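Notes follow the structure.
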Amino acid sequence: MGLTIATWNVNSVKARLPVVSGWIASARPDVLLLQELKCETASFPAEAFAALGYEGAVVGQKAYNGVALLARRGLAVSDVITALPGDPDDGQARYVEATVAGLRVASLYLPNGNPVDSEKYPYKLRWMERLRAHAARLLADEVPLVLGGDFNIIPEPEDVYAPSEWREDALFRPESRRAFRALLNLGLTEAFRALHPAQPRAWTFWDYQAGCWPRDLGLRIDHFLLAPRAADRLLSCTIDRAPRGQEKASDHTPVILELSH
DNA sequence: ATGGTTGTTGGACAA
């Protein structure tokens, strides 16, 4: 058993507390990356996570966004940064990065970008370029980087139930996928596809609407990207569908990465 | 083609 890192867009940490707590208690990941907290930093339910043995860094804001990077007590979380470099005027709580277990780990919530004819889409592309520039600097120093989170990117047609219907969506447009490939072309490994090159219908998100979950109409948009020093240690990357089927579920389900020690 | 849901928040907006 290696070191495990889980990522989960919880779509409100307060609304999701029972479901998330139950999952943590059984899955017991070493590191837990959360997105879409939808609460301010000060109102994050840190006590509930501390009671489960998890502490770390939280970056929240009122109503929207919000990310956390927590680790099992005993695994120190140090050298925290609470924003993606490259735009001091960007106040959205979408990025937290820290050193834990000898790795440099980020929990990120990449902008959705819809509708594409609004200012939201260029913001998404600028954010991706900032991420690429930041990752390039860390890779140049051979940092064992792990980027985990909701990338809001459908990398390939097999990562969406109906590619033709999503062609113009911000999650699947050519410019979005090109920006994601530019990230990979730095030398990052997309952990799930590296280990499961042909696994179909490996969704991490199912819309609440139109019976997407019961009909299994989903997307694969939650990812782990690994620098060579982390990819060399890749043991497994799995999607746990079970939490999506529970009462009061998030629309995303956890992805779990395992690295050798 | 439309409407279908959930969360924050108290009427839209985001996803």
Side-chain angles (χ1 to χ4, degrees), chain A residues 7-23 33-46 48-49 58-68 84 90-96 107-128 131 148-155 159-173 175-177 179-180 203-223 239 241-255:
Chain A
T7 184
W8 195 359
N9 177 324
V10 293
N11 184 20
S12 170
V13 71
K14 290 178 183 173
R16 218 61 64 210
L17 206 47
V19 164
V20 171
S21 298
W23 186 80
L33 313 179
L34 302 176
Q35 300 88 35
E36 271 207 271
L37 303 177
K38 291 187 168 179
C39 69
E40 292 178 287
T41 308
S43 63
F44 179 81
F49 288 91
V58 177
V59 184
Q61 72 180 82
K62 190 183 173 89
Y64 304 118
N65 307 320
V67 288
L84 180 63
D90 183 358
Q92 299 193 25
R94 295 182 176 276
Y95 193 87
V96 61
S107 174
L108 67 89
Y109 178 45
L110 208 146
N112 177 293
N114 284 305
V116 295
D117 59 357
S118 73
E119 72 295 331
K120 292 179 181 195
Y121 192 58
Y123 172 66
K124 176 180 193 148
L125 295 179
R126 285 198 308 275
W127 205 95
M128 293 185 79
L131 181 60
D150 178 0
F151 282 72
N152 270 314
I153 291 286
I154 299 162
D159 297 314
V160 50
Y161 63 90
S164 59
E165 291 178 25
W166 286 77
R167 203 175 47 208
E168 291 305 316
D169 191 278
L171 278 61
F172 194 54
R173 300 195 108 206
E175 297 96 313
S176 306
R177 295 173 59 202
F180 187 72
W203 318 135
T204 66
F205 165 91
W206 297 256
D207 200 303
Y208 287 125
Q209 303 182 71
C212 285
W213 167 250
R215 299 198 289 157
D216 194 29
L217 305 179
L219 316 174
R220 193 175 70 90
I221 55 176
D222 301 87
H223 308 299
I239 299 165
R241 296 190 158 227
R244 184 62 181 83
Q246 293 186 282
E247 284 301 311
K248 290 277 288 177
S250 170
D251 42 5
H252 296 249
T253 213
V255 183

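Quick note on labels: first sequence line is chain A, next is B, and so on, each numbered from 1. As the structure is a prediction and not an experimental result, all values here were calculated from the model.
Atom-to-atom, CG of A:L217 to P of B:dG4 comes out at 17 Å; the value is rounded to the nearest Å. As rounded to whole Å, 6 Å separates atom C1' of B:dG7 from atom CG of A:N11. If you measure from atom CG of A:L110 to atom P of B:dA14, you get 17 Å, rounded to the nearest angstrom. In this structure, A:D150 places its CG atom 17 Å from P of B:dG7, rounding to the nearest Å. Distance CD (A:Q209) to P (B:dA14): 15 Å, rounded to an integer number of Å. In this structure, CG of A:L17 is placed 15 Å from C1' of B:dG7, rounded to the nearest angstrom. Residue A:N65 contributes atom CG, which lies 13 Å from atom C1' of B:dG7 at whole-angstrom precision. Note: CZ (A:F205) to P (B:dT6) measures 12 Å, nearest angstrom.
DNA chain B is contacted by both A:A249 and A:Y64; A:A249 maps to the nucleotide lying nearer its 5′ end (nearest heavy atom per residue). Each of A:A210 and A:N152 was matched to the nucleotide of DNA chain B holding its nearest heavy atom; the match closer to the 5' end belongs to A:A210.
An OP1 or OP2 oxygen of B:dA14 is reached within less than 4.0 angstrom by a side-chain nitrogen or oxygen of A:K120. One finds no side-chain N or O of A:K38 lying less than 4.0 angstrom from the OP1 or OP2 phosphate oxygen of B:dA15.
If you take atom P in B:dT2 and the same atom in B:dT6, they sit 23 Å apart, rounded to whole Å. Comparing the P positions of B:dA14 and B:dA1 gives a spacing of 26 Å, expressed to the nearest Å.
Nucleic acid contact for A:R16: sugar-phosphate only, since backbone atoms but no base atoms lie under 4.0 Å from a heavy atom of the residue. Within 4.0 Å (heavy atoms only), A:Y109 reaches sugar-phosphate atoms of the nucleic acid but no base atom.
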Subject >> Stepwise side chain to side chain donor-acceptor pair (under 3.5 Å) test for A:Y121 and A:S176 >> reply: CA-CA 9 Å; A:Y121 192 58; A:S176 306; 2.7 Å; yes

Original post:
Hey, mind stepping through A:D90 and A:W127 against side chain to side chain contact (heavy atoms under 4.5 Å, CB included) and telling me if it holds?
Top reply: CA-CA 9 Å; A:D90 183 358; A:W127 205 95; 3.6 Å; yes

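For the residue pair A:N11 and A:K38, a side-chain donor N or O sits within less than 3.5 Å of a side-chain acceptor on the partner.
Taking the six-membered ring where the residue is Trp, A:F151 and A:F180 present perpendicular rings, their angle passing 60° and hence far from 30°.
Remark: A:R215 fails to qualify as a cation-pi partner of A:Y161 under the 6.0 Å distance and 45° angle criteria applied to the six-membered ring.
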